[in-house]
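Only this structure's heavy atoms are used, side chains among them; waters, hydrogens and symmetry mates stay out. Heads up: numbering here begins at 1 and tracks the sequence.
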Amino acid sequence: QVQPVESGGGLVQAGGSLRLSCAASGNSVMINTMGWYRLSPGAQREVVATITRGGSTNYADSVKGRFTISRDNVKNTVYLQMNSLKPEDTAVYYCALQLLVPPYSSWGQGTRVTVST
């Protein structure tokens, strides 16, 4: 019913910026919290940032002050503006949606971000 698709990943130099987008199909009324997660080799999945339908945000300590999450409930899209990127930000970034109906969550396929020194 609701399918997110990520875009915007790529290869950037340290200190550069990227803007990730996650567009969700379906009706936005079914979507509560939207968030970004990342997975790097040898690490567990990490919550990067989340945003509620009302706009309340939370960030991982490692990205505070550098990343900004936002959403457009009309376009059913969540964004992650990533500034001052560091090599340790290298990961596959996944968009996840908290749904009000079963299956209660929906995940995208991921978009790869590589930050070089």
Any donor-acceptor pair under 3.5 Å from [X] side chain to [Y] backbone:
| X | Y | value |
| --- | --- | --- |
| T77 | K75 | yes |
| T111 | S7 | no |
| E6 | C95 | yes |

Side-chain contact test, heavy atoms from C-beta onward, threshold under 4.5 Å: evaluate it for [X] versus [Y] and give yes or no.
| X | Y | value |
| --- | --- | --- |
| F67 | T57 | no |
| L18 | L85 | yes |
| T68 | Y59 | yes |
| I31 | V2 | yes |
| N73 | R53 | yes |
| C22 | W36 | yes |
| S62 | E46 | yes |

Between [X] and [Y], what is the shortest heavy-atom contact and its length?
| X | Y | answer |
| --- | --- | --- |
| D89 | S84 | OD2-O, 4.5 Å |
| V113 | M82 | CG2-CE, 3.8 Å |
| T117 | P87 | CG2-CG, 3.5 Å |
| L97 | A24 | CD1-CB, 3.7 Å |
| G110 | V92 | CA-CG1, 3.9 Å |
| S17 | N83 | OG-OD1, 2.9 Å |

Q. Is it true that the side chains of Q13 and S116 contain a donor and an acceptor less than 3.5 Å apart?
A.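 Present: a donor and an acceptor within the cut-off.
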
Q) Hey, are R38 and Y93 close enough side-chain-wise for a donor-acceptor pair under 3.5 Å? A)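 Result is yes, a qualifying pair exists.
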
Q: With side chain to side chain contact (heavy atoms under 4.5 Å, CB included) as the test, would you mind laying out the steps for T114 and V12 before giving the verdict?
A: CA-CA 6 Å; T114 303; V12 297; over 6 Å; no

Gap between atom [atom2] of [Y] and atom [atom1] of [X] - 0.5 Å precision:
| X | Y | atom1 | atom2 | answer |
| --- | --- | --- | --- | --- |
| I51 | S70 | CD1 | OG | 6.5 Å |
| T52 | N32 | OG1 | CG | 7.0 Å |
| L80 | I69 | CG | CD1 | 6.0 Å |

Q | Q3 atom CD, neighbour heavy-atom count above 12 within 6.0 Å | A |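 Counting neighbours around CD of Q3, 12 or fewer heavy atoms of other residues, nucleotides or ligands fall under 6.0 Å, so no.
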
Q | Whether over 12 other heavy atoms sit under 6.0 Å from Q109 CD | A |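 Atom CD in Q109 is not packed in, count stays at 12 or less.
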
Q: Determine, using the 4.5 Å side-chain heavy-atom cutoff (strictly less than), whether V63 and Y94 are members of one ILVMFWY cluster.
A: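 V63 and Y94: separate clusters.
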
Q) Transitively linked via ILVMFWY side-chain contacts under 4.5 Å: V101 with M34? A)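 Looking at the clustering, M34 is in the same group as V101.
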
Q. Has R19 got its NZ or CZ under 6.0 Å from the middle of the six-membered ring of Y79, at an angle within 45 degrees of the ring axis?
A.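 Here R19 passes the 6.0 Å and 45° test against Y79.
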
**Q.** ring-ring contact (aromatic ring centres under 6.0 Å, His included) assessment of W107 paired with Y37
**A.** CA-CA 10 Å; W107 292 79; Y37 302 75; 4.9 Å; yes

